[in-house]
Amino acid sequence: MIKVTLPDESVKEVEQGTKVSEVASSIGSGLARNALGGMVDGEVVELNHPITKDCRLKILTFDDDEGKLILRHTASHVMAQAIKRLFPEAKLAIGPAVDDGFYYDMDIDRSFTPEDFGPIEVEMKKIVDADYPIVREVKSKDEAIKFMKDKGEPYKVELIEDLPDGEEISFYTQGEYTDLCAGPHLPSTGMVKVFKLLSVAGAYWRGDEHNKMLQRIYGTAFTKKKDLEDYTNMLEEAKKRDHRKLGKELDLFSIQDEGPGFPFFHPNGMILRNELESFWREEHAKRGYQEIKTPIILNEDLWHRSGHWDHYKDDMYFTKIDGETYAIKPMNCPGSILVYNTHLHSYRELPIRLAELGIVHRHELSGALHGLMRVRCFTQDDAHLFMAPEQVKEEVLKVIDLADYFYKLFGFDYHVELSTRPENSMGTDEQWAKATDDLKDALEATGMDYKINEGDGAFYGPKIDFHLRDSLGRTWQCGTIQLDFQMPERFELVYIGQDGEKHRPVMVHRTILGSIERFIGILTEQFAGAFPVWLSPKQVQIIPITDKHQKYAEEILESVKKAGIRADIDTRNEKMGYKIREAEVQKTPYMIIVGDKEAESGSVSVRERKKGDIGSISLDSFIDMVKEKINSKAID
RNA sequence: GCUGGCGUGGCUCAAUCGGCAGAGCAGCUGAUUUGUAAUCAGCGGGUUGUAGGUUCAAGUCCUAUCGCCAGCUCCA
């Protein structure tokens, strides 16, 4: 007998070789029904897995991320089997489970369209109803290669060839279908009860744009029909929060055919933006930043010196002035460096923090453009910090702290990545190792979780990136902290040390919001357009019930405006309900309704966005309340 | 850039097999003077993204091109 310790610390004695599914049954029939796999001493295993020694066991269900992955991975095999039945000529590539579902990549001459989903789903249903057992077997590398060659699956052969020699290679068979796969899987196809195919897309073989583009079909799977319905409803709801839709509805910005990727900010969007920027300025001034503004167009020669010509040229725009080539800046760093170099600096001044809300232009691929999230012209809330090498850690920690302060203010969840040396980069391995270690040290000192993103650093240095989520859960890089030993050398930056000698400063490039445009996109989706009061383009909508009340409404407007609150009167000849509806649709935080009662008593009737009527109060207390919300930058 | 899908009044969408381009909202005019999410009536508004082609006839079919959407690649 062996001892199995369950998550509640209870211990079950079972026979050697008992399967995970059998343990689940012995715990309870409900758990047995919902079980999708197991976790044995931290390792994910399938339900058929025999337990051979004392261990800790957790039964995985759909509530566990690992359970979801097992179900969806099997679902991807079911889909691939169905597609092979309908299109035997399709060559299989890879088919993993992903966050919200699964996909399978295949190579086939005809292109899949959403019309193919119906027949494929019907075939999948047959496979599920047949409830084929899913059987794992292991082959040697040579056997595996021969097997897939015989089946005419060149992509599988390539995958196997890249596996290390001597390793056992697992295959899973369900009915007539056998796939190369590390698993784990469900014990039978009948357990894939609820699924739906969602979209088709092209995807490069092995994610490399030089390789052939395969066809990818995305789908998702759940254990309960209700969960699938909830998921599709969630997608519908997310569409309503889309900043591109809200940007239009709230008249914040537009992107037009005349300038793909070049957003226009409308008056409402500018109010929000200016509020955000002035707050940004205040917070940076408090922390010892000095603001600068550098030109958008600078001579090509500068970009040769900075390394951008060699490493970034394809993403840059150029123009000619008096026969000379100029570049439209894709980054603010060279300009900032030129400012630094206008003086000789003492160690006493360091760190020098030059901040710039700098407009940069980058030639992003047309297919990559996405509302305000990815554009070809954006404003970085940039800063370049020039410091002595021993100041790096402290300075980086201050930046991390500042980013955290900004994100927390809006209630954002974020995650952090450390990006290391990319292929096409400047400098020596030693410099990169030192810079990467410096950033790692700082991250370790904060104790925050972070993920390593190999090869994704800037061409001049490694970086810490802060990622925020949009309404659909896609993540976008916002803040970044990049450590740079290259540009100080290339531009021969110096400061005079205590010893009277010249020393080379280290440079940190950093943003907090990332791009003002992208950040506004994220903000819009986070709040579904119902911005915190301090950012709302219109903070108070005054609604006179009839035109008799207009005069009193105007007196109120004057007082509210005098208090520094953005307000307006809806004087249109419409019923009150109509005006309220419009203010609600526009997500105006407060409405003041004024009629006979208010005019007589000198009070205001207040309605709060989403909450409805909150009763009558004096104008003064209303103003105090709104100002408190604004000053505290409260989020609802 | 690549793969697939989609472009019809300001907005959201309709138009059967190729057969007279339509509705709601918004806008304008008038009536109505209203108590917490849409008052009523009338009016104006379109070269169907653009350029070609097929056809007696094109929103609809074909070609090219521009843009948008999803994904890939890339990135703040």
Side-chain angles (χ1 to χ4, degrees), chain A residues 103 105 111-116 198-218 239 242 244-245 248-249 251 255-261 312 314-315 330-332 358 360 362-376 378-382 419 456 458 463 465-468 472 474 476-480 482 509 511-519 521-522 543-550 573-585 591-598 605-616:
Chain A
Y103 65 80
D105 285 350
S111 40
F112 288 121
T113 73
E115 269 116 64
D116 296 317
L198 299 172
S199 60
V200 280
Y204 300 107
W205 168 234
R206 304 200 137 180
D208 185 336
E209 62 181 318
H210 303 294
N211 289 340
K212 180 159 186 185
M213 180 163 270
L214 310 174
Q215 298 201 57
R216 174 174 295 180
I217 299 187
Y218 280 94
K239 274 187 203 155
D242 190 314
R244 293 166 298 190
K245 183 176 161 66
K248 198 182 276 182
E249 288 170 0
D251 202 10
I255 299 178
Q256 319 208 20
D257 287 359
E258 288 79 356
Y312 209 77
D314 292 346
D315 293 325
M331 295 189 196
N332 303 303
V360 298
R362 298 181 182 177
H363 182 243
E364 295 296 329
L365 293 178
S366 59
L369 301 179
H370 184 98
L372 290 181
M373 301 294 198
R374 186 173 292 110
V375 289
R376 286 175 169 161
F378 59 99
T379 309
Q380 289 185 304
D381 68 316
D382 217 342
S419 295
D456 210 35
K463 54 180 186 167
D465 293 329
F466 296 81
H467 294 253
L468 301 180
L472 280 171
R474 293 175 290 211
W476 300 90
Q477 187 192 310
C478 289
T480 185
Q482 311 176 345
H509 311 231
T511 65
I512 301 293
L513 311 178
S515 120
I516 303 290
E517 289 75 6
R518 177 177 286 182
F519 199 78
I522 298 267
I543 298 174
I545 291 175
T546 75
D547 50 18
K548 301 200 291 253
H549 310 112
Q550 212 155 300
N573 182 2
E574 291 290 352
K575 291 178 80 167
M576 178 191 63
Y578 180 90
K579 298 180 187 179
I580 288 173
R581 180 184 151 76
E582 185 143 301
E584 286 282 353
V585 167
M591 285 153 252
I592 289 181
I593 317 289
V594 289
D596 289 336
K597 277 187 277 181
E598 290 74 20
S605 172
V606 182
R607 185 187 163 99
E608 206 173 322
R609 146 181 91 185
K610 291 181 194 154
K611 295 202 182 89
D613 190 355
I614 59 169
S616 283

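Reminder, nothing fancy here: chain letters follow the sequence lines and each chain counts from 1.
Atom name P, nucleotides B:G24 and B:G67: the rounded distance is 35 Å, in whole Å. The P atoms of B:G44 and B:U39 are separated by 24 Å, rounded to the nearest whole Å. Comparing the same atom, C1', in B:A26 and in B:G59 gives a spacing of 24 Å after rounding to whole Å. When the P atom is compared between B:G22 and B:C62, the two are found 25 Å apart, to the nearest whole Å. Here, B:A58 and B:U48 have their P atoms 11 Å apart, quoted to the whole Å. B:A15 and B:U8 have their P atoms separated by 14 Å, with the value rounded to a whole Å. Nucleotides B:A76 and B:A14, compared at atom C1', are 41 Å apart to the nearest Å. Here the separation of B:A23 from B:G46, taken at their C1' atoms, is 14 Å to the nearest Å.
Comparing A:Ile255 and A:Arg362 against RNA chain B, the residue whose closest nucleotide sits nearer the 5' end is A:Ile255. The nearest heavy atom of RNA chain B to A:Gln380 and to A:His549 marks one nucleotide each, and the one closer to the 5' end goes with A:His549.
A:Asp456 comes within 4.0 angstrom of sugar-phosphate atoms only, judged by non-hydrogen atoms across all strands, and of no base. Using a 4.0 Å heavy-atom criterion, one finds that A:Gly612 contacts no nucleic acid atom at all. Across all strands shown, A:Val360 has no heavy atoms under 4.0 Å from either base or sugar-phosphate atoms. Counting non-hydrogen atoms under 4.0 angstrom, A:Lys597 reaches a base of the nucleic acid. Here A:Lys463 lies in heavy-atom contact (under 4.0 Å) with sugar-phosphate atoms only. Across all strands, A:Glu258 comes closer than 4.0 Å to no nucleic acid atom at all (heavy-atom distances). In this structure, A:Thr511 reaches neither bases nor backbone, as no heavy-atom distance under 4.0 Å exists between it and the strands shown. Residue A:Glu574 is classed as a base contact, given a heavy-atom separation below 4.0 Å to a base. Heavy atoms of A:Glu364 sit under 4.0 angstrom from at least one base atom. Here A:Arg518 lies in heavy-atom contact (under 4.0 Å) with a base. Among the heavy atoms of the strands lying under 4.0 Å from A:Met373 is at least one base atom, whether or not backbone atoms are also near. Across all strands shown, A:Asp257 has heavy atoms under 4.0 Å from sugar-phosphate atoms exclusively, and none from any base.
Closest approach of A:Leu372 and A:Glu517 over heavy atoms only: CB-O, 3.4 Å. Across A:Tyr204 and A:Asp208, no two heavy atoms sit closer than the pair CB-O, 3.1 Å. In terms of heavy-atom proximity, A:Leu369 sits nearest to A:Glu364 at CD2-CB, 4.0 Å. Nearest heavy-atom pair, A:Phe519 versus A:Leu468, reported as atom, atom and distance to 0.1 Å: CE1-CD1, 3.9 Å. Here the closest heavy-atom approach between residue A:Val375 and residue A:Gly261 is recorded as CB-O, 3.2 Å.
Under 4.0 angstrom from either OP1 or OP2 of B:A76 there lies no side-chain N or O belonging to A:Thr480. At the phosphate of B:U12, OP1 or OP2 sits under 4.0 Å from a side-chain N or O atom of A:Lys248. When the side-chain nitrogen and oxygen atoms of A:Lys575 are compared with OP1 and OP2 of B:U36, none of them lie within a distance under 4.0 Å. Between A:Tyr578 and the phosphate of B:C40, there is no side-chain N or O to OP1/OP2 separation shorter than 4.0 Å. The shortest distance between the side-chain N/O atoms of A:Ser111 and the OP1/OP2 oxygens of B:G4 is below 4.0 Å. Checking the phosphate oxygens (OP1, OP2) of B:C69, no side-chain nitrogen or oxygen of A:Arg474 falls inside 4.0 Å.
Relative to the side chain of A:Thr113, the nucleotides B:U73, B:G4, B:U36 differ in distance, and B:G4 lies closest. You'll find that the side chain of A:Pro114 is closest to B:G5, out of B:U36, B:G5, B:U73. The nucleotide whose nearest atom lies closest to any side-chain atom of A:Arg374 is, among B:U33, B:A76, B:U36, B:A76. Closest to the A:Lys548 side chain, of the nucleotides B:U34, B:C68, B:G4, is B:U34. For A:His370, taking side-chain heavy atoms from C-beta onward, the closest of the listed nucleotides B:A76, B:G1, B:A70 is B:A70.
The side-chain heavy atoms of A:Glu249 and A:Val585, taken from C-beta on, include no pair separated by under 4.5 Å. The shortest side-chain heavy-atom distance between A:Pro544 and A:Glu598 does not fall under the 4.5 Å cut-off.
Evaluation of A:Phe378 against the base of B:A76 yields a stacking contact (centre distance < 5.5 Å, interplanar angle < 30°).
On a pure distance criterion of 3.5 Å, no polar donor-acceptor pair joins the side chain of A:Tyr218 and the base of B:G4. With hydrogens and angles ignored, a donor-acceptor pair closer than 3.5 Å exists between the side chain of A:Arg607 and the base of B:A37. Side chain A:Gln215 to base B:G71: no donor-acceptor pair is found below 3.5 Å. No N or O donor and acceptor, one from the side chain of A:Gln477 and one from the base of B:A76, sit under 3.5 Å apart.
When both pairing distances are held under 3.5 Å, B:C20 makes no Watson-Crick or G-U pair with any nucleotide shown. Base-pair partner of B:C40: B:G30 (Watson-Crick or G-U wobble, both distances under 3.5 Å). The nucleotide B:G9 finds no pairing partner, because no Watson-Crick or G-U wobble arrangement with both distances shorter than 3.5 Å includes it. Pair assignment for B:U63 gives B:A51, based on Watson-Crick or G-U wobble hydrogen-bonding distances that are each under 3.5 Å. Nucleotide B:G4 is matched to B:C69 when pairs are restricted to Watson-Crick or G-U wobble geometry with both distances under 3.5 angstrom.
Rounded to an integer number of Å, the gap from A:Leu369 CG to B:A76 C1' is 13 Å. Here B:C2 presents its C1' atom at 20 Å from CZ of A:Arg206, a figure rounded to the nearest Å. Taking atom OH of residue A:Tyr103 and atom P of nucleotide B:A70, one finds them 19 Å apart after rounding to whole Å. Summarising the geometry, the separation between CG on A:Leu365 and P on B:A76 is reported as 14 Å, rounded to the nearest angstrom. Between the CG atom of A:Asp242 and the P atom of B:C11 there is a distance of 16 Å, rounded to whole Å. Spacing between atom CZ of A:Arg376 and atom P of B:C68 amounts to 8 Å, rounded to whole angstrom units. Here the P atom of nucleotide B:G71 and the CG atom of A:Asp208 are 21 Å apart, to the nearest Å. Taking atom CE of residue A:Met213 and atom P of nucleotide B:G4, one finds them 9 Å apart after rounding to whole Å.
When each of A:Met373, A:His370, A:Gln380 is tested with A:Arg518 by the rule side chain to side chain contact (heavy atoms under 4.5 Å, CB included), just one qualifies, namely A:Met373. When the options A:Lys239, A:Arg244, A:Lys245 are evaluated for a salt bridge (Lys or Arg N to Asp or Glu O under 4.0 Å) with A:Asp242, the one that passes is A:Arg244.
For the atom pair CD1 of A:Ile512 and CZ of A:Phe466, the computed distance is 7.0 Å after rounding to the nearest 0.5 Å.
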